[in-house]
Every structure is written in C-alpha cells, then in structure tokens.
Amino acid sequence: MSDIFKLVAKRLGLGLVTLFVVSILIFFAVELLPGDIAQAVLGQGATEETVARLRERMGLNDPAIMRYLNWLGGALQGDFGVSLISGTSVTEAITQRFLNTLFLAAYAAVIAVPFAIILGVLVALMRDTLFDRAANVLTLTSISSPEFFLGYVLILYLSVKTGWFPAISSLSPGMGFGELLERTFLPALTLVLVVTAHMMRMTRAAIINLLASPYIEMARLKGMPPWKVIVKHALPNAWAPIINVVALNLAYLITGVVLVEVVFVYPGIGQLLVDAVSKRDFPIVQACCLIFAATFILLNLAADVGSILTNPRLRHPK
Amino acid sequence: MSVFVIGYYSVLIAASCLAVYLERRRVFMLLFSLTLISFVAGILGGVSALRTITILVAVFALAAGVSYAFKEFLIQISRPGLARELRTAPLTAAFGMFVIFTYAIAGIFAPWIAPHGQAEVISTSFAPPDANMLLGADQLGRDVFSRIVYGARNTVGLALAATVLAFVMGALAGLLAAVKGGWFDQFMGRFADVIMSVPSLIFALLMLSIFGTSLLVIVVVVAVIYSPRVFRLTRAVAGNVVVMDYIEAAKLRGEGDWYLIRREILPNSTAPLVAEFGLEFCFVFLLIAGLSFLGLGIQPPTADWGSMVRENATLISFGDITPLIPAAAIALLTVAVNFVVDWMLFRSTGLKG
C-alpha cells in the first residue's frame with residue numbers, strides 16, 4: 001500500500017514543480033516586454049511624472065525577483081494585486097466569474113461524460129458498421145470545427161429560428177436554478193458537442209485496443225457470452241484509459257470555454273481574460289493564465305493519479 | 001400532397017427496390033432507412049423538412065461524385081507506384097484532397113478570382129446579395145465573397161507558415177535530442193513539458209498581450225506553442241531508429257551528427273512525420289482562427305476568416321447565415337486535412353502490421 005502513496009506523492013510533487021515553473025514563466029513573460037511596462041501601459045503621450053507614479057504603484061523599482069515572490073505569495077493567499085486599468089482588486093473581479101466558468105464547465109461535463117462514454121463503447125462494439133462510419137465522420141467534423149462555428153450554428157437554429165433558448169447568457173444574482181440551466185444551455189451544449197466528440201473517439205480507441213488483446217480472444221473462444229466478456233474481462237481493464245480520457249477532456253474544456261464564453265457573452269473568466277489581453281491589463285492576464293494553467297495541470301495530474309490507482313501494472317515502473 | 005412529396009417518396013422507394021433486386025444490401029439499408037427517417041421528418045416538419053433532406057442528400061452525392069472523379073484523375077496523372085497506393089484511398093481521403101486542392105487554387109489565384117479587392121468599400125454596410133456581390137456586403141460595405149477568397153490566402157498562408165516553423169523547430173530539436181542524448185535531451189524534454197502544461201490558447205493570449213499582434217509575433221508564438229508536439233514525436237520515432245545497427249555502422253565510419261540526421265534517420269522516419277504535419281496544421285489553423293476571432297490575429301483591413309465571423313456576427317440574430325460561411329470554410333479545410341491524415345496513418349500502420 002505504501003508503494004501507491006509514494007508513487008502518488010511523487011506525481012503530486014512533480015505537478016507542484018511544474019506549476020511553480022509555469023508561474024515563473026507567466027510572471028517573467030511580462031518582463032520580456034520591450035521597454036518599460038509603465039510606459040507601455042500609459043502610451044507614448046504620458047508625462048514623466050505619471051509614468052514615475054505608476055512605476056511606484058506597481059512596485060517596478062524593486063528587483064524582479066522580489067516582485068515575483070511578492071506576487072506568488074499574494075497569489076497563494078488569493079490576492080492577485082490590482083488591475084492596471086480600473087485600479088480595483090483583481091481577486092474581486094475574478095472570483096464570481098471563476099465560479100460562473102466552473103459552473104458552465106461542470107454543466108457541460110455532467111452531460112458530456114456519461115453520453116460520450118456510452119456512445120464510445122457502443123461504437124467500439126459495432127466497429128466497421130455503417131453506424132461506426134457515420135459516427136466517425138460526425139465526430140471528426142465536430143472536432144474540426146472551431147468552437148465559435150458550432151456556437152453560432154446553435155444560436156442560429158435553436159435560438160434565432162426557433163426561439164427555444166436565449167442566445168445570450170445574461171446571468172443575474174437572484175435567478176432560480178432552472179432558469180440558470182435554461183439560460184446557459186446553449187454554451188453548455190456547444191462545449192458538450194466538442195468534448196463529446198473527443199471523448200468518444202478516445203474511448204473508442206481505448207476499447208478497441210483492449211478488445212484486441214489475447215485474453216479477450218481467449219474468453220470469446222471458450223464460449224463466454226459477449227456481455228459477460230465485456231463486463232468481467234474488458235471493463236475492469238478499461239477503467240484506467242476511460243478515467244484518463246475523461247480527465248484529459250475536462251482539461252480540454254478549459255481552452256474551449258474561452259471562445260464559447262465570448263460567443264455567448266457569458267460572464268466568465270475566459271471573457272475577462274480576452275478583454276484584459278486587448279486592454280493589456282497585465283495583472284488580470286497573469287491571474288487568469290495562472291488559474292487556467294493550474295486547473296489544466298491539476299486535471300492532468302488527476303488523470304495520472306487515476307490511472308495509477310486503477311492499473312496495478314503502473315505501480316511497478318520498470 | 002404536392003407533386004414534390006409524391007415524387008420524393010416514389011424515387012426513394014423505387015431506388016430501394018432496385019437495390020434489393022440487385023442484391024446491394026448496404027445500399028438498400030441506407031435508402032430505406034432514409035425513407036423511414038423522411039416519414040418522421042415529413043410528419044414533424046412538413047414539406048420544407050423533406051426539401052432540406054433532398055438538398056443535403058444531393059450535396060452529399062455531389063461531394064461523393066466529385067471525390068470519385070478526382071481520385072480517378074489523380075490515379076491517371078500519377079506515377080504507377082503512387083497510383084497503386086492512391087487506389088486504396090477511401091472516398092473521404094479523395095474528398096479531402098479535392099478540398100485542399102480547391103483551397104490552394106483559391107489562395108494562389110485570389111486576386112484573379114475575387115471580383116473586388118479585399119479592403120475595397122463598394123457598397124453600403126450589410127447590403128444584401130445582388131449580381132455584383134455574390135454574398136452581399138459586410139459591416140463596412142466590402143464584398144464578402146472577395147474577402148472569403150482572399151481569406152484563403154491570408155488565413156491559410158499564416159497557418160501554413162506557423163506550422164512549417166513549428167515543424168522545423170520541433171523536428172530539428174527532436175532529431176538532435178535523439179542523436180546527442182544526455183543533458184541536451186533532458187533539457188529539451190523538460191522544456192517541452194513546461195510548454196505543454198499550459199493550455200495552448202491561454203499561452204497564446206499571454207504572449208500576444210505582451211508582444212502585440214504583428215504577423216511575425218503570431219507566427220513565432222504559435223510555432224513555439226506547437227513545436228513540443230513535433231519534438232516529442234520526432235524524438236520517439238528517431239529514438240527507435242538511432243539504436244539500429246546501420247546507425248552504429250555509420251558512426252563507426254566517422255560520420256557526423258548532421259549526416260546521420262539527414263541521410264540515415266530522416267528517410268527512415270518520414271511516414272509518421274508527414275501525418276503529424278497534417279494534424280499539426282489542423283491544430284495551428286484552429287488556434288489561429290480562434291485568435292483572430294477574438295480580434296488578436298491578422299489585423300484589419302486584411303481579410304481573415306476568424307475576424308470576419310466576429311465582425312458580421314450581428315447578422316446571425318436576423319437569421320442570416322453569411323457570417324457562418326467563413327467559419328464553415330475553416331471547418332471544411334480542417335475536416336479535409338483530417339480525412340487525408342486518417343488515410344495516411346492507416347496506410348503507415350497498415351504497412352507495418
């Protein structure tokens with residue numbers, strides 16, 4: 001048992017190190033900015049005095065290492081500094097939006113995960129039939145389409161032409177849960193379409209890979225009924241790849257969420273990031289990037305730990 | 001019951017019976033399930049639903065016919081060795097090649113194909129389509145059709161440049177890492193890990209917020225983001241080649257690293273790399289389209305598919321599909337490349353096993 005703990009702890013440590021390196025990357029990328037940050041933010045027309053004041057406020061007169069440690073220390077306590085444009089706390093701007101984004105991602109995941117896994121297994125069992133071919137072409141199309149294309153197609157057909165769902169997800173604080181689900185249905189559905197396609201293809205590949213192994217053939221040859229082969233022999237070994245697929249695709253949701261939020265004007269962290277990028281509001285950009293990267297690393301970590309826990313073979317690395 | 005509906009069902013049923021008579025089971029299943037679906041769709045959606053189905057089937061059949069003809073054409077004009085391989089290509093791959101060919105023509109000959117310039121204001125904003133403007137005008141009164149044609153040059157060109165750069169950097173680093181090994185290999189591997197642990201779009205946004213959105217910056221940033229994928233693949237493929245005896249022999253002959261890479265390793269690892277180039281192009285293309293949709297890609301007035309969608313998105317709320325055309329163009333090219341890559345991967349794994 002202690003072996004597992006050691007292995008998982010090692011993996012967690014590695015994840016922490018990666019996160020640390022990424023935080024360095026995110027912080028010092030801004031340092032690469034040619035010239036002076038304060039000057040760049042204020043533009044060429046700014047007077048010496050205002051630039052000096054902004055430098056003072058941003059703490060630019062300290063050495064970079066000190067600023068990094070301050071920033072990291074603050075970030076660990078949930079304090080990401082103040083916005084360059086509005087001068088308000090970044091944390092305040094982010095918190096509610098981050099919760100909204102998490103809600104959207106969770107909404108999409110709750111629909112997509114069971115749907116994709118069931119379909120993936122079905123397609124794998126019926127491989128090389130017409131159904132499989134059709135599913136292959138459909139999922140490929142869905143993966144290849146940019147998220148905004150799917151989003152606008154859904155808006156056109158489910159909102160503008162039929163009026164079933166609202167095209168813009170405006171959220172207000174006192175909204176009931178049912179209304180919330182209805183207002184955010186289209187962005188969630190867009191994410192579901194993209195993620196389901198990915199997840200289905202990966203599940204299909206994993207299951208087909210598994211069904212080709214000799215012990216499955218053995219079970220079949222000794223006359224076991226097909227459902228029993230699946231339940232008793234294939235499924236226990238399929239958990240590891242399936243957990244992996246789910247975690248990797250949830251990580252994929254994070255990138256998709258940015259474009260989808262912009263299409264549906266959803267008040268989430270992705271939209272905030274895009275706005276901050278075009279305004280060059282670096283503290284917000286850094287905070288959003290750190291949050292996205294941390295979630296991404298965390299989910300990848302979860303995938304690794306999940307497969308270590310479900311696959312005993314990984315516990316004894318050669 | 002209009003003439004159209006009666007004609008529609010009689011054609012379908014007659015075709016199904018013909019398929020049964022000729023003992024084409026799959027064709028029959030396809031046709032007859034289409035008939036059954038049409039029953040349900042016809043009851044729910046009326047004649048317009050049947051018309052939509054007819055149009056969809058016609059488009060599908062047209063695409064299949066064109067791909068079939070294009071495949072035959074390619075087989076005729078290529079060398080015997082290549083022709084034999086092309087014969088094994090599924091229809092989807094032929095379709096993919098046809099689409100890529102069309103885009104290439106549109107991109108190369110854009111100034112001759114497009115009736116107007118990409119930045120030329122010729123009408124009022126959002127003017128409806130007429131004889132002069134095939135798809136109407138955009139928000140500034142520029143011809144949408146011309147801009148889509150120019151977009152094939154700008155957007156695809158940019159994506160291609162970024163992919164080539166990513167590929168050269170990644171493959172070179174991967175090959176060097178495989179040949180040299182040691183600390184260089186370790187360092188590059190960890191470096192690739194760090195880049196890959198940040199979601200690509202987020203990384204691109206961070207970099208573009210710092211360096212601004214000039215074309216050179218976009219190409220370099222996107223190339224850096226996607227080169228680790230190529231690096232890993234090349235490193236893995238080349239790693240399998242490096243341990244071969246003939247590499248050992250070449251080393252004993254006193255050949256240098258560069259000779260090993262160029263003459264021994266590269267020729268033995270092209271197949272997976274070519275397929276990876278296609279996949280990589282899809283990722284890069286989608287990332288660049290996403291960035292320009294967010295207003296951070298190619299800057300106006302240069303025509304670009306991603307930003308065209310964003311600029312004309314208001315039309316969608318009036319039920320107009322024009323803004324979706326550039327987005328569909330992006331999707332179509334990505335699907336096409338994926339189809340071709342699928343076939344190549346199948347071929348390269350099929351040859352091995």
Side-chain angles (χ1 to χ4, degrees), chain A residues 15 18-19 21-22 24-26 29-34 40 130 133 136-137 140-153 155-156 159-161 167-168 251-252 254-256 258-259 262-263 270 273-274 276-282 285-286 288-289 291-293 295-297 300, chain B residues 26 29-30 33 90 92 190-191 193-213 282 285-291 293-296 305-306 309-310 313 315-321 323-324 326-339 342:
Chain A
T18 317
L19 192 57
V21 176
V22 167
I24 292 179
L25 189 75
I26 290 175
V30 176
E31 297 292 312
L32 291 175
L33 189 72
L130 201 63
R133 297 266 175 82
N136 183 31
V137 171
L140 201 62
T141 315
S142 166
I143 290 174
S144 311
S145 313
E147 283 90 351
F148 55 87
F149 178 57
L150 292 176
Y152 281 129
V153 168
I155 288 186
L156 182 64
S159 173
V160 176
K161 293 223 163 152
I168 288 178
Y252 181 83
I254 296 171
T255 319
V258 176
L259 288 170
V262 172
V263 170
L273 172 60
V274 173
V277 166
S278 48
K279 287 184 199 147
R280 310 190 84 180
D281 193 344
F282 296 117
V285 174
Q286 285 174 327
C288 292
C289 286
I291 290 177
F292 275 120
T295 326
F296 193 73
I297 292 172
N300 276 315
Chain B
R26 297 185 82 156
M29 285 303 287
L30 196 67
S33 39
T92 46
R190 294 296 83 75
F191 187 64
D193 282 350
V194 170
I195 292 182
M196 283 179 90
S197 63
V198 186
S200 50
L201 183 65
I202 308 298
F203 200 3
L205 285 175
L206 175 69
M207 289 300 165
L208 290 183
S209 76
I210 294 165
F211 296 112
T213 51
C282 292
F285 189 49
L286 284 180
L287 178 63
I288 285 184
L291 285 177
F293 173 73
L294 295 175
L296 298 164
W305 289 338
V309 178
R310 173 65 167 276
L315 280 183
I316 292 175
S317 45
F318 300 107
D320 188 346
I321 61 156
L324 290 179
I330 296 169
L332 187 64
L333 181 60
T334 325
V335 173
V337 174
N338 262 319
F339 278 157
D342 254 13

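Small disclaimer: the values here were computed from a predicted structure and weren't measured. Just so we're on the same page: letters track the sequence lines, and every chain starts at 1.
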Hey, does L259(A) have a side-chain heavy atom less than 4.5 Å from the side chain of L201(B)?
yes
What distance do L208(B) atom CG and S278(A) atom OG have between them, rounded to the nearest 0.5 Å?
11.5 Å
Quick check: are there more than 12 heavy atoms from other residues, nucleotides or ligands sitting under 6.0 Å from CD1 of I24(A)?
yes
Is it the backbone or the side chain of I143(A) that comes under 4.5 Å from a heavy atom of chain B, or both, or neither?
backbone
For Y152(A), which atoms come within 4.5 Å of any heavy atom of chain B: side chain, backbone, both, or neither?
both
If you compare all heavy atoms of P146(A) against all heavy atoms of I330(B), which two are closest, and at what distance to 0.1 Å?
CG-CG2, 3.6 Å
Considering only heavy atoms and a distance below 4.5 Å, find which of L156(A), V285(A), I297(A), T295(A) pairs most often with chain B.
L156(A)
For S144(A), the side chain to side chain contact (heavy atoms under 4.5 Å, CB included) test, sequence neighbours excluded, returns L140(A), T334(B), V335(B), N338(B)
Among V22(A), V263(A), T18(A), residue most engaged with chain B (heavy-atom pairs, under 4.5 Å)
V22(A)
Which atom names give the shortest non-hydrogen contact between C289(A) and L206(B), and what distance separates them?
SG-CB, 3.8 Å
Residues A327(B) and F148(A): closest non-hydrogen pair is CB-CE1, 4.1 Å
Between F339(B) and V137(A) the two heavy atoms that sit nearest each other are CZ-CG1, 4.3 Å
If you look at every heavy atom in F296(A) and S197(B), which pair is closest and at what distance?
CD2-O, 3.3 Å
So which residue, A289(B), A336(B), C282(B), P199(B), ends up with the most heavy-atom pairs under 4.5 Å with chain A?
P199(B)
Considering only heavy atoms, which portion of F292(A) lies under 4.5 Å from any heavy atom of chain B: side chain, backbone, both, or neither?
both
Tell me, for M29(B) versus chain A, whether the close heavy atoms (under 4.5 Å) come from the side chain, the backbone, both or neither.
neither
Select one option (side chain, backbone, both, neither) describing which atoms of L296(B) are under 4.5 Å from chain A's heavy atoms.
side chain
Pairing residues for R133(A) by the side chain to side chain donor-acceptor pair (under 3.5 Å) criterion, not counting sequence neighbours
none
Which atoms form the tightest heavy-atom contact between V262(A) and F293(B), and what is the distance?
CG1-CE2, 4.0 Å
May I ask you to test the L25(A)-F203(B) pair for a side-chain heavy-atom distance under 4.5 Å?
yes
